Asker: 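Handing you this structure, nothing more for now.
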Amino acid sequence: MHQQREHFGSRFAVIMALAGSAVGLGNIWRFPYMVGRHGGGAFIIVYIVCSLLVSLPVFFAEGILGKSTRLNTLGAIKKVAPKWRWAGYMGILAAFVITSYYSVVGGWSLDYFIRSVSGGFKGLSMEASAGIFSRMTSSAWETLVSFFGFLLLSAMVVAAGVEKGIGRFSKLMMPLLFFMIVLIVVKSLSLPGAKQGMDYLLKPDFSKLDGPAIAAALGQSFFSLSLGVGCVLTYSSYMKSDGKIFQTGLWTALFDTIFALMAGFAIMPAVFSVEGLEPSAGPSLVYETLPVIFSQMGVLVPVIFFLAVLIAAFTSSISMYEVVVAWLVDEKKMPRPRAVLLVFVAAAALGTVCALVPAVFNACDFSTSNIFMTLGALIFVIIVGWCMPSHIARDTFDGKAWPVVHFLIKWIAPVAIAAIAVTNLL
Ligand code: TRP
């Protein structure tokens with residue numbers, strides 16, 4: 001029996017779903033720290049230039065591949081450039097690996113949200129907070145329960161379908177997320193550390209802009225826009241034919257960048273309001289420092305903050321989940337519920353190993369963000385720039401900016417990505 005392929009109900013749903021994929025833990029715990037470390041406002045400028053010249057063209061290339069073929073990552077590549085099909089398998093594998101380890105961290109945010117609701121952060125000291133975090137991560141039981149909880153919730157949304165699950169959920173959650181982060185920013189800017197925090201983020205220091213800083217800006221922009229593994233490709237394959245790739249990309253990048261900056265404005269003033277505290281990246285910032293500071297600002301602040309972290313992580317996680325599910329549904333002709341179940345079982349297995357063995361967690365993170373994503377992004381622009389008949393690409397893109405975008409996809413993006421990849425390897 002031939003079933004019609006699913007699609008998103010509206011352009012708004014597509015943009016909210018893609019923004020949901022883009023806005024995630026990368027915005028909250030990597031971006032603010034990277035900006036501060038690599039020269040503040042100067043880094044932000046480089047980040048925006050990288051996004052416009054390289055990341056957005058990759059986004060458009062994925063969008064064109066998805067929308068023109070209406071297929072999953074592997075199916076789209078097989079159809080347009082069969083000799084690159086291995087890259088399709090690589091993308092799906094990468095999406096699967098990211099789903100697994102990202103959900104472990106997503107589980108922490110679920111754990112912290114529940115903790116904040118039950119008042120677990122009241123009168124918290126720095127030592128006590130570090131203790132809570134290390135107990136959580138070293139307790140196999142607690143880590144696994146929250147990981148399974150998070151993965152199960154993702155599975156439920158994905159199982160509900162493209163529009164009824166992912167689309168509806170994103171349309172509801174993304175505006176709510178935005179509203180919550182605005183509340184925290186307003187609260188945070190009233191703290192004594194506001195000026196220092198803003199200086200840390202915005203004051204440009206061009207002397208810190210070296211090669212590694214530029215490579216970091218591009219890498220962060222790729223990760224943040226969910227590029228290189230087929231998330232954008234898969235979601236774009238569910239666009240209706242009147243969907244606009246150009247506008248969708250611009251809105252997603254705009255939303256993503258604004259959210260990253262706001263996360264910085266929410267977090268850094270809070271960090272600097274405590275004497276002697278230095279910002280750090282990653283889990284210790286979000287899960288050790290912030291609960292202490294936010295809990296001093298009232299019971300509601302930590303609840304709102306950790307709900308925001310949870311939603312951000314969750315909408316990103318479902319986008320990777322869907323990449324794998326779309327492949328099983330299109331290529332293996334599996335009914336959606338069975339595909340969702342299969343991915344659940346496999347990701348639960350890999351995620352359990354990630355949760356229990358830090359070396360595996362790090363290997364998954366390193367290989368996907370440094371190798372698979374970059375290589376995947378490079379191949380997507382090569383396929384659209386060089387293998388796909390250019391009138392098909394142009395008609396699918398359907399926008400006045402095509403000549404510029406085509407040039408960026410064909411020449412600038414591949415050269416820049418290859419240059420960065422080589423610099424990273426040296
Ligand atoms: N962009 C998300 C974040 O900032 C993470 C993410 C979702 C992602 N899908 C991806 C990263 C695909 C790489 C590839 O947290």
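It should be emphasised that the depicted structure is a prediction, and the values quoted were computed from it without experimental measurement. Read the numbers this way: they start at 1 and go in the same order the structure lists the ligands and their atoms.
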Asker: So, regarding Val23 and ligand 1 (criterion: nitrogen or oxygen to nitrogen or oxygen, under 3.5 Å), is there a contact or not?
Answerer: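 No, there is no polar N/O contact under 3.5 Å.
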
Asker: Run the contact test for Gly228 against ligand 1 with a 4.0 Å cut-off on heavy atoms, strictly below, and give the result.
Answerer: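 It does not, in that no heavy atom of Gly228 comes within the 4.0 Å cut-off of ligand 1.
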
Asker: Give me the nearest non-hydrogen protein atom to atom 1 (N) of ligand 1 as residue plus atom name, then the distance to 0.1 Å.
Answerer: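 The protein heavy atom lying closest is Phe223 O, 2.8 Å.
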
Asker: With a 4.0 Å cut-off on N to O distance, would you call Glu142 and Arg115 a salt bridge?
Answerer: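 Result for this pair is yes, salt bridge flagged.
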
Asker: Do any nitrogen or oxygen atoms of Ile98 lie less than 3.5 angstrom from nitrogen or oxygen atoms of ligand 1?
Answerer: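 No - when backbone and side-chain N and O of Ile98 are compared with those of ligand 1, no distance drops under 3.5 Å.
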
Asker: Do NZ/NE/NH1/NH2 and the carboxylate oxygens of Lys171 and Glu163 come within less than 4.0 Å?
Answerer: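 Yes, this pair counts.
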
Asker: Given the side-chain rings of Tyr112 and Phe305, with only the six-membered ring counted for Trp, is the space between their centroids under 6.0 Å?
Answerer: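 Between Phe305 and Tyr112, which both carry aromatic rings, the centre distance is not below 6.0 Å.
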
Asker: Considering the heavy atoms of Ser21, write down every atom of ligand 1 situated less than 4.0 Å from one of them.
Answerer: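 Under 4.0 Å from Ser21, ligand 1 has these atoms: 1 (N), 2 (C), 7 (C), 9 (N).
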
Asker: Could you check Lys67, Arg5, Arg70 and say which one makes a side chain to side chain donor-acceptor pair (under 3.5 Å) with Ser237?
Answerer: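 So the option named by the test is Arg5.
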
Asker: Of all the non-hydrogen atoms in the protein, which one sits nearest to atom 13 (C) of ligand 1, and at what distance?
Answerer: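 Answer, as residue, atom name and distance: Met373 SD, 3.4 Å.
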
Asker: Numbering the atoms of ligand 1 from 1, which are under 4.0 Å from a heavy atom of Gly26?
Answerer: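 Reading through ligand 1 atom by atom, the close ones are 3 (C), 4 (O), 15 (O).
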
Asker: Decide, yes or no, whether a salt bridge links Lys78 with Glu331 under the criterion of side-chain N to carboxylate O below 4.0 Å.
Answerer: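 Yes.
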
Asker: Going by the order shown, which atoms of ligand 1 are within less than 4.0 Å of some heavy atom of Ser224?
Answerer: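 Result: 1 (N), 4 (O).
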
Asker: Quick check: Phe8 with Tyr235 (ring centres under 6.0 Å apart)?
Answerer: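 Distance test on ring centres: under 6.0 Å, yes.
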
Asker: Quick one: does ligand 1 sit under 4.0 Å from the side chain of Ser226, the backbone, both or neither, non-hydrogen atoms only?
Answerer: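 Within the 4.0 Å criterion, Ser226 contacts ligand 1 through backbone and side-chain atoms alike.
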
Asker: Run the contact test for Phe222 against ligand 1 with a 4.0 Å cut-off on heavy atoms, strictly below, and give the result.
Answerer: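 The answer is no: ligand 1 sits nowhere under 4.0 Å from a heavy atom of Phe222.
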
Asker: Are any of the N/O atoms on Leu227, whether in the backbone or the side chain, positioned under 3.5 angstrom from an N/O atom of ligand 1?
Answerer: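 It does not: no N or O of Leu227 is found under 3.5 Å from an N or O of ligand 1.
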
Asker: Applying a 4.0 Å heavy-atom criterion (strictly less than), which segment of Ala22 is in contact with ligand 1: side chain, backbone, both, or neither?
Answerer: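 It is the backbone that touches ligand 1; the side chain stays farther off.
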
Asker: With a 6.0 Å cut-off on the ring centroids, do Trp386 and Trp84 count as close?
Answerer: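 No, too far apart.
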
Asker: Classify the angle between the aromatic ring planes of Tyr102 and Phe223 as parallel (below 30°), tilted (30 to 60°) or perpendicular (above 60°).
Answerer: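 Tilted.
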
Asker: Flag Tyr102 as yes when one of its N or O atoms lies below 3.5 Å from any N or O atom of ligand 1, and as no otherwise.
Answerer: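 Yes; at least one N/O pair falls below 3.5 Å.
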
Asker: Can you confirm if the aromatic rings of Trp402 and Phe246 lie within a centre distance of less than 6.0 Å?
Answerer: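 Centroid distance Phe246-Trp402: not below 6.0 Å, so no.
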
Asker: Does Val229 reach ligand 1 with a nitrogen or oxygen that is under 3.5 Å from one of the ligand's nitrogen or oxygen atoms?
Answerer: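 No.
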
